[in-house]
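In the text below, chain A, chain B and the rest are named by the order of the sequence lines, each starting its count at 1.
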Amino acid sequence: MSGTTAPVGFDSRDVFGGESGIGRGRLPDWVPYALAGASLAITFLILTLLDQVSAVRLVIGTALISGISIYAVSRAVESPRQAKDRLVTVSIASAFVFAVLPLASLLWTVVDRGMARFDTTFFTESARNVVGEGGGAAHAIWGTLVITGLAAAISVPIGIMAAIYLVEYGKGKRLARYLTFFVDVMTGIPSIVAGLFAYAVFALIFGPGIRLGVMGSVALTVLMIPIVIRSAEEMLKIVPDHLREASYALGTPKWRTIVKVVLPTALAGMITGVMLAVARIIGETAPLLVTAGVIDSTNMNPFSGRMETLPVYAYFEYKTPGIPQDASYDRAWAAALTLIVIVLLLNLIARLFYRRFGTEIR
Amino acid sequence: MNSRKFFAIGASTALLAFGVAACGSDDSDSTSGGSDLSGDIAGAGSSAQDAAQQAWIAGFQTDNSGVNIAYDPVGSGGGREAFIAGGKTDYAGTDSPFADEELTGAEDRCKKSGGEFVQIPVYISPIAVVYNLPEVENLQLSPDTLAGIFAQDITKWNDEKIAADNPDADLPDTDITPVNRSDDSGTTANFTDYLSATAPDVWTYPPDDAWPVKGGEAAEGTSGVVEAVGAGEGTIGYADESQAGDLGIASIKIGDEYVAPSAEGSTAAADEAKENKDGEYVYSFDIDRTTTNPDAYPLILISSAAACTAYDDSATADIVKGYLTYVISADGQQAAADNAGSAPISSDLQKQLQPAIDAIGS
Amino acid sequence: MEAATGPSVWGLRGGERRLGDRLFSGAAIASGIAILTVLAGVAIFLLIQAVPALSASTDELAEGKGLVEYIAPLAFGTVLAATLAVIIAVPLAVAVALFISHIAPRALAQPLGYIVDLLAAIPSIVYGLWGIFVLGPAAVGVMKWLEDNLGFLPFFQGPASVTGRTMFVVGIVLAVMILPIISAVAREVFSQAPRRQQEGALALGATRWEMIKMTVLPFGRSAVISGSMLGLGRALGETMAVVIILSGSGGITFNLIGSGNPPTIASNIASKFPESSGIEVNELILSGLVLFAITLLVNMGARSIISRSERHAAEGKKRA
């Protein structure tokens with residue numbers, strides 16, 4: 001999921017443009033935009049008169065009216081083919097806006113409801129001895145960071161080494177075939193099963209009822225490894241062979257070539273992949289309940305005692321609220337907002353890494 | 001990219017992962033607090049008890065700052081299983097009493113530490129029949145009508161059976177949408193038990209944790225039911241009374257009167273319940289659902305705590321004893337009533353149960 | 001690349017070189033084996049836990065039903081929800097991918113791609129809360145309209161739910177969740193469509209849409225299919241969002257807008273597991289195995305399509 005590389009060589013990328021094609025006449029560039037703007041205004045006016053304004057209706061109405069009007073104008077001035085091209089362009093642009101609407105709605109909902117408790121207390125205090133209003137999620141924020149960080153610390157080296165094996169050493173070998181197959185199997189593990197597995201392993205060693213932060217990390221590792229392997233594999237695959245060959249030609253051993261040439265070339269992409277994998281597992285609830293447990297105090301030692309994470313915190317604030325309920329719901333939404341902010345920050349860091357260190361190879 | 005940069009990134013990533021893990025500590029202030037109890041205990045079980053447990057834990061930890069108590073709301077079944085397995089699960093919360101093999105298992109678990117099994121009621125919650133019908137303020141339902149609605153025999157709000165219970169109400173011609181719990185729960189078990197006891201001709205299903213009728217509206221957890229009933233007109237569901245919020249609460253027919261749920265009525269119904277003893281300290285109660293005493297509200301959930309009279313570690317026994325004493329004390333029951341909306345157990349019942357708790361650790 | 005400065009820099013003798021290689025490849029193989037071991041562990045754990053359910057009598061099982069009778073509606077619900085999500089998501093995802101790769105102004109393309117990728121990173125519990133508080137209530141009117149106007153179709157036969165906890169809403173939420181996965185795959189491939197063909201089409205007088213239809217879409221077709229399979233896999237396993245939203249109280253039905261929907265395997269495990277004990281737990285884990293098998297089939301399908309398209313691409317390169 002690296003950045004988009006735009007094709008170079010033709011410039012017909014302005015939204016309603018289309019310099020290509022042979023027509024009778026040609027619409028000035030501003031006409032489609034003007035028609036789209038007018039359609040928006042007309043839709044808004046109609047919906048206001050009907051008292052039925054909503055974002056979805058606005059998008060659909062604007063898409064319909066601008067599609068028809070642009071098609072008609074283009075057909076009159078240009079050619080039917082050109083008109084069809086413009087119609088498709090409007091459709092695709094509308095579909096894009098339509099697809100982004102849920103994101104906007106979702107972000108708006110979380111920010112709107114989450115802001116009520118998005119205060120200093122929320123980040124500095126735990127839920128220890130908190131009943132009713134007040135309290136914070138410091139314990140859950142730390143728990144999330146520690147458990148997820150540890151899961152990443154386990155699965156990133158293993159996942160990347162396994163990907164190196166697949167791409168650099170294992171081509172055509174039976175182990176590699178098994179590995180590819182089972183990594184696919186692994187992506188299908190229901191998350192609760194990963195949690196139960198981790199619990200079963202630790203219960204064998206430490207006795208039943210054991211709850212440790214690190215158990216949560218192990219459960220998350222089972223879920224995270226396949227994502228890391230898949231993304232790292234893709235990134236290693238696109239390292240051009242001529243780089244490896246140049247290195248071998250200079251007499252460099254294979255492992256040095258991998259460490260010094262292949263990995264640095266693929267590094268930025270792999271970091272992006274890891275960050276996205278972290279973002280994917282950071283929101284897990286079910287496997288953590290049976291492994292890391294639930295606790296209202298801050299604990300930063302994953303090898304002793306329980307730890308709570310933000311999704312678990314949010315889920316139970318929503319599921320078993322106290323009285324008044326709103327205090328619990330507000331905390332749940334604030335926790336959801338915090339989780340999104342963490343995921344956003346991780347994504348941003350990943351993108352910056354990519355931009356800063358990404359090697360241009362395509 | 002040069003190698004130094006590569007290592008710098010690697011090192012900082014590792015630092016990020018481990019730096020977070022390294023600064024572990026606990027924020028519980030271990031000074032003051034007015035008691036010499038200290039240590040950790042953990043319980044697991046009923047999620048219906050979760051809000052009450054939060055209140056009890058907060059109250060008990062405030063008085064005994066050296067104590068950490070954790071409660072995993074994994075569900076009653078999970079709690080019973082974890083308690084029997086022993087190990088780190090010191091007490092359990094359960095909506096239905098230990099029975100048959102589970103009882104034997106629990107006795108065996110306690111015997112291992114040289115103790116006996118203790119099971120006492122700690123949490124009484126009135127279950128309210130909630131509905132969403134803005135035109136009707138005080139809905140009244142006889143058991144037969146209630147059962148007919150939830151068995152999906154009565155499908156319209158202006159059905160003559162409902163009209164017979166509500167002679168003065170202006171009932172709309174709306175479809176009835178009965179809402180039930182999608183997860184297995186003690187609330188469902190008690191509600192279906194009530195229906196099968198009071199309306200055996202209409203409600204032909206046996207009492208069960210899982211909702212037996214297909215095709216109704218199913219929602220996750222009490223909060224899900226409340227949210228579903230609030231979301232659509234013509235809905236009716238059952239939920240802990242404390243979580244009903246702005247929803248309409250139906251009065252059910254007891255004897256010749258229509259009675260709304262109340263804390264006093266629930267406490268009275270619990271006092272009327274027939275006591276069973278499966279061991280010296282093992283209490284369970286049969287609620288008289290068909291009571292004709294209008295001062296008692298028999299649609300209640302009685303949830304219990306399970307523990308042992310002896311633990312491998314005497315500090316654990318002391319904390320469990322202190323905690324359960326607080327839980328059934330007037331203070332503890334009031335804390336639960338404030339945060340979870342439960343009905344306090346009567347002082348008579350408390351006196352009756354106290355010897356079982358006193359047996360712990362002695 | 002600093003590394004390429006010549007053999008003298010390394011100053012390694014043959015033995016050392018072989019040792020380094022052995023260590024490094026050993027570490028790589030060890031990681032692979034470690035992963036296989038973990039997987040074997042998970043598989044053994046699952047099988048051990050699932051086997052008792054196979055030999056249990058019908059009365060012991062949940063709801064007093066046979067295994068097939070119990071799991072079939074769950075499997076049906078899982079497949080139905082995921083299929084619905086894919087049907088909604090694929091056309092939108094292709095449009096989004098095309099918009100970013102070929103239509104949006106270049107300065108906008110990358111930030112837009114970033115915004116869409118964001119959707120993939122939002123935790124599923126947040127989707128669940130959004131679905132139940134925002135989308136569900138908003139969909140009630142739409143579902144009523146569908147029942148009144150398209151009620152002759154089995155999908156919309158109603159009666160429409162008044163709360164919005166339906167398969168229809170779940171399908172939309174899952175579609176929003178998998179859209180970024182499909183569009184990311186499609187976008188990467190669309191932007192790598194052979195440039196010479198595209199320029200050639202334009203030079204011959206094709207409009208942009210004709211060019212896309214003739215060159216980009218055929219090139220990206222298998223990528224869209226395999227991306228859809230990946231999305232399908234994600235939708236099959238989704239748990240929390242479905243648990244929170246779906247009213248899963250029914251059996252096998254194609255009615256998407258009613259209250260009685262078939263639950264999905266993952267959501268059923270999550271909501272039944274806490275209160276289950278004994279043989280019911282084994283049965284739930286067995287249903288997890290079935291989900292495992294369904295996901296595996298989807299993944300294998302995706303793999304085979306991807307490898308076929310890679311072969312095609314390789315052949316295409318040879319011919320060019």
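- When heavy atoms are compared at a cutoff of 4.5 Å, C:Ile33 approaches chain A solely by way of its side chain, counted from C-beta outward.
- For chain A, the nearby part of C:Val134 is the side chain; its heavy atoms alone come within less than 4.5 Å.
- Taking the ring axis of A:Tyr169 as reference, the NZ or CZ atom of A:Lys254 stays within 45° of it and closer than 6.0 Å to the ring centre.
- Heavy-atom distances place the side chain of C:Ile269, and not its backbone, under 4.5 Å from chain A.
- If you tally non-hydrogen atom pairs under 4.5 Å between each of A:Phe197, A:Tyr318, A:Tyr315, A:Tyr165 and chain C, the highest count goes to A:Phe197.
- With a threshold of 4.5 angstrom between heavy atoms, C:Ile172 does not approach chain A through any atom at all.
- Neither the backbone nor the side chain of C:Ile294 has a heavy atom closer than 4.5 Å to any heavy atom of chain A.
- Only the side chain of C:Thr239 comes within contact range of chain A, with at least one heavy atom under 4.5 Å from a heavy atom of that chain.
- Ranked by heavy-atom pairs under 4.5 Å with chain A, the first of C:Leu23, C:Val96, C:Ile265 is C:Val96.
- Of the atoms belonging to A:Leu348, heavy atoms from both backbone and side chain fall under 4.5 Å from chain C.
- In the displayed structure, A:Tyr178 atom OH is contacted under 6.0 Å by at most 12 heavy atoms of other residues, nucleotides or ligands.
- Looking only at atom types and distance, the side chain of A:Ser94 has no donor-acceptor partner in the side chain of A:Ser91 under 3.5 Å away.
- The parts of A:Ser105 that come within reach of chain C are both its backbone and its side chain, each placing non-hydrogen atoms under 4.5 angstrom from that chain.
- When A:Pro102, A:Ala95, A:Gly170, A:Ala336 are compared by the number of non-hydrogen pairs under 4.5 Å with chain C, A:Pro102 comes out ahead.
- A distance of 10.0 Å separates CZ in A:Arg230 from OG1 in A:Thr180, rounded to the nearest 0.5 Å.
- Counting non-hydrogen atoms of neighbouring residues, nucleotides and ligands closer than 6.0 angstrom, the CZ atom of A:Phe98 reaches no more than 12 such neighbours.
- Rounding to the nearest 0.5 Å places CZ of A:Arg244 at 6.5 Å from OH of A:Tyr248.
- Counted by atom type alone, A:Thr89 and C:Trp209 present zero donor-acceptor pairs between their side chains at under 3.5 Å.
- A:Leu196 touches chain C through backbone and side chain together, each having a heavy atom under 4.5 Å away.
- Contacts between A:Ile225 and chain C at a heavy-atom distance below 4.5 Å involve the side chain alone, from C-beta outward.
- Although no hydrogens or angles enter the test, the distance criterion places a donor-acceptor pair under 3.5 Å between the side chain of C:Glu210 and the main chain of C:Thr207.
- Contact of C:Val38 with chain A is made through backbone and side chain together, with heavy-atom distances under 4.5 Å.
- Interface remark: C:Leu284 contributes no atoms to any contact with chain A (heavy atom separation under 4.5 Å).
- Side-chain contact check for A:Ser247 and A:Thr257: at least one donor-acceptor pair (N or O, by modelled atom type) lies under 3.5 Å.
- Between chain A and the options C:Ala40, C:Ser25, C:Ala93, the largest number of non-hydrogen pairs under 4.5 Å is found for C:Ser25.
- When heavy atoms are compared at a cutoff of 4.5 Å, C:Ala27 approaches chain A by way of both its backbone and its side chain.
- Note: A:Ala162 leads A:Ala162, A:Ala200, A:Ala198, A:Gly283 in heavy-atom pairs under 4.5 Å with chain C.
- Of the listed residues C:Ser124, C:Gly41, C:Ala266, C:Gly237, the one with more heavy-atom pairs under 4.5 angstrom with chain A than any other is C:Gly41.
- A donor-acceptor contact closer than 3.5 angstrom is absent between the side chains of A:Ser79 and A:Gln82.
- Geometric assessment of A:Arg256 against the ring of C:Phe24 yields a negative cation-pi assignment under the 6.0 Å and 45° thresholds.
- By number of non-hydrogen pairs under 4.5 angstrom with chain C, the leading residue of A:Val110, A:Ile258, A:Val100, A:Ile164 is A:Ile258.
- Between A:Asp112 and A:Trp333 the shortest side-chain heavy-atom distance does not fall below 4.5 Å.
- Both the backbone and the side chain of C:Leu129 have a heavy atom closer than 4.5 Å to some heavy atom of chain A.
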Side chain to side chain contact (heavy atoms under 4.5 Å, CB included) assessment of A:Trp108 paired with C:Trp130: CA-CA 10 Å; A:Trp108 167 249; C:Trp130 174 74; over 6 Å; no
